[in-house]
**Q** 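Questions regarding the structure given below will be posed in turn.
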There are 2 protein chains.
Amino acid sequence: MAQDTPEAAEGPVGPGQQATVPVPTAAGSGPISHAIFRLARLHRMFAGQLLRRIGLHPGQELVMMHLWELGARRQADLVRLLDSDAATMTRTVRRLEQAGFVRRRPDPTDKRASLIEPTAASHALRREVERVWSQLEDISTAGLSDEERAAALLTLERLEQNLVQAAASPDAVAEP
Amino acid sequence: MAQDTPEAAEGPVGPGQQATVPVPTAAGSGPISHAIFRLARLHRMFAGQLLRRIGLHPGQELVMMHLWELGARRQADLVRLLDSDAATMTRTVRRLEQAGFVRRRPDPTDKRASLIEPTAASHALRREVERVWSQLEDISTAGLSDEERAAALLTLERLEQNLVQAAASPDAVAEP
DNA sequence: CACGTTTACCTGTCCGAACAAGTAAATCAC
DNA sequence: GTGATTTACTTGTTCGGACAGGTAAACGTG
C-alpha cells in the first residue's frame, strides 16, 4: 500500500477523468439493493436483541422453528430448508446441542448422517420464539394496513423470487 | 401479537417450480420477518459472489461507494451513513486500508478522529462496483415497472423506518 | 465385487455483525 | 480550571455466513 496522490482525494472526480455514465450517483446506483441491505441489517440487529434474551442467536431460531414444525431432521435437510450452508449448520447445531435445545442421534438408515431433534426443554422456547417473531412483525409493519402488509409481503417475495430465479439461471451471474 | 391469516401464509410464489421456498409458515409467526430474512440472505449471497470477483467483500462496497460519493469522511460518519457498528467499521476500514483502497489521515480538527479517504487506486474499482450494483438492481427488480420499483423502494424504506423508530423508542423493545 | 462418484458431515479460515469494555480526546457543567 | 459526560475509536469475544479441503459412508456402473 502506499502510493498516494495526497491531493484531490476530495470532491468531484473532475473533468480530467471520464465523467462516467449518467448514473444517478451513488445513492442512486442501487437504491433497492441498498435498502435491502440496510433493512436486513436493522432487522437482524433487532431480532438479535430480542432473541438474545431468550438464549438464542439470530439464525438459530429458524432451525428450531423448523424442527418444532417438522420434527427430527438431518442436517442436510435443514441446510436445504433454510437455504443455508452445511458448514454453518454443523456449528449452529453443535451450539444448539450445547445449549440443550437439540439432540443428535445417529440416523439408523445412514451411518453418515445424524438426526437432529428438538429436546423437551426446547419446547418452552417455542412460545418465546413465536412471541419474538410476532413482536418483530408488529414493529416492522407498524402503521401499515392489512392491505399494505400484504403488499409489502408480495414485494419482498417478488424480489426474492427474482434472485432465486437468477441464481438458478447461469447467465445472470456468468463470468467471462 | 397474533398472526392471523391462518391459511396461505405463503402467498403466490409465482412459477410453482421453485421448491426452495421454505414455508416456515407454521405458526404464521412472522411472514414479513421471514421474507426479510430470506431476501437478505439471498441478496447478500448474490452480492458476495459478484463482489468477490472484484476483490471486495459484502459490506465493503457500501463504504467505498459513500467515500467515492462524499469524499473523505470520519469513521463515525460512515457508521451513521451505513447504520452500522463502530467496531465493525474499525475492522472494515482497516481491511480496506490493507487492500489499498482507502487511506487514513488524522483529522486536523479532532485528535480522536481519522479521516478515511479513497485512494487513487480505488477509483478503478468504482466502475466495477457500480456495475455490480446495477446488475444486482436489474436482477432484483426484473420484471418490475418503474412505478413498481419506486413502490418497492418505498416499502423497504418504510419497514426500515419502522425499525429505526422502534430502536429509538425504548418501549418497543422494553423487557418485562 | 471393485471402482469412481455422490452425499453427509467436519475443520480451517476469513469476513461481517454485534455486544462489552477500555482509552483518549473533546465538550459540557460548575 | 476541575470534574463529569459525551464522543471517536480500538480490542476482545462470539456468532452467522461462506469457501476450500478432507473423511467416511452410500451409491452407481461395469
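Every chain is numbered from 1, with letters handed out A, B, ... down the list of sequences.
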**Q** Expressed as a whole number of angstroms, how long is the span from B:Met64:CE to C:dC15:C1'?
**A** 17 Å

**Q** Taking only side-chain N and O atoms of A:Gln49, does any of them lie within less than 4.0 angstrom of OP1 or OP2 on C:dC19?
**A** yes

**Q** Does the side chain of B:Phe101 reach to within under 4.5 Å of the side chain of B:Leu56, using non-hydrogen atoms?
**A** yes

**Q** Can you tell me the distance, in whole Å, between the CD atom of B:Gln60 and the C1' atom of C:dA17?
**A** 14 Å

**Q** Considering heavy-atom distances to DNA chain D, does A:Ala87 or A:His57 have its closest nucleotide positioned more toward the 5' end?
**A** A:His57

**Q** Is B:Arg80 near enough to D:dA8 that one of its side-chain N or O atoms lies under 4.0 angstrom from OP1 or OP2?
**A** yes

**Q** Do you see a donor-acceptor pair shorter than 3.5 Å between the side chains of B:Thr141 and B:Arg149?
**A** yes

**Q** I'd like to know if A:Arg94 reaches the base of D:dT14 with its side chain such that a donor and an acceptor end up less than 3.5 angstrom apart.
**A** no

**Q** Please tell me if the side chains of B:His57 and B:Leu51 come closer than 4.5 Å, counting only heavy atoms from C-beta onward.
**A** no

**Q** In this structure, how many angstroms lie between the C1' atom of C:dA8 and the CZ atom of A:Arg112, rounded?
**A** 5 Å

**Q** Below the 4.0 Å mark, does D:dT11 have OP1 or OP2 next to a side-chain nitrogen or oxygen of B:Arg91?
**A** no

**Q** Ring-plane angle category for B:His123 and B:Trp68, please: parallel below 30°, perpendicular beyond 60°, tilted otherwise.
**A** tilted

**Q** Hey, is the side chain of B:Thr90 poking within less than 4.0 Å of OP1 or OP2 on D:dT10, counting only N and O atoms?
**A** yes

**Q** Using only modelled atom types and a 3.5 angstrom limit, is any donor from either the side chain of B:Arg41 or the base of D:dG16 paired with an acceptor on the other?
**A** no

**Q** With a cut-off of less than 4.0 Å, is there a side-chain N or O of B:Gln75 near OP1 or OP2 of D:dT10?
**A** yes

**Q** For A:Arg104 and for A:Ala40, find the nucleotide of DNA chain C with the closest heavy atom, then tell me which residue's nucleotide is more 5'.
**A** A:Arg104

**Q** Just how far, in rounded Å, is P of C:dT13 from CZ of B:Arg95?
**A** 15 Å

**Q** Report the distance from atom NZ of B:Lys111 to atom C1' of C:dT27, rounded to the nearest whole Å.
**A** 15 Å

**Q** Counting the atoms with a prime plus P, OP1 and OP2 as sugar-phosphate, which does B:Ala86 contact under 4.0 Å by heavy atoms, base, sugar-phosphate, or nothing?
**A** base

**Q** Mapping A:Asp85 and B:Asp83 onto DNA chain C by nearest heavy atom, which one lands closer to the 5' end?
**A** A:Asp85

**Q** Of the options C:dA17, D:dG16, D:dA18, whose atoms approach the side-chain atoms of A:Thr92 most closely?
**A** D:dG16

**Q** Tell me the interatomic distance from B:Phe101, atom CZ, to C:dC15, atom P, rounded to whole angstroms.
**A** 13 Å

**Q** Distance check needed: D:dA26 C1' versus A:Asp107 CG, whole Å only.
**A** 12 Å

**Q** Is there a side-chain contact between A:Arg44 and the phosphate of D:dG16, meaning an N or O under 4.0 Å from OP1 or OP2?
**A** no

**Q** Look at the rings of A:His34 and B:His66 and say which category their plane angle falls in: under 30° parallel, 30 to 60° tilted, over 60° perpendicular.
**A** perpendicular

**Q** Is there side-chain contact between A:Ile116 and A:Val63, with heavy atoms separated by less than 4.5 Å?
**A** no

**Q** To the nearest angstrom, how far is A:Met89 atom CE from D:dC15 atom P?
**A** 16 Å

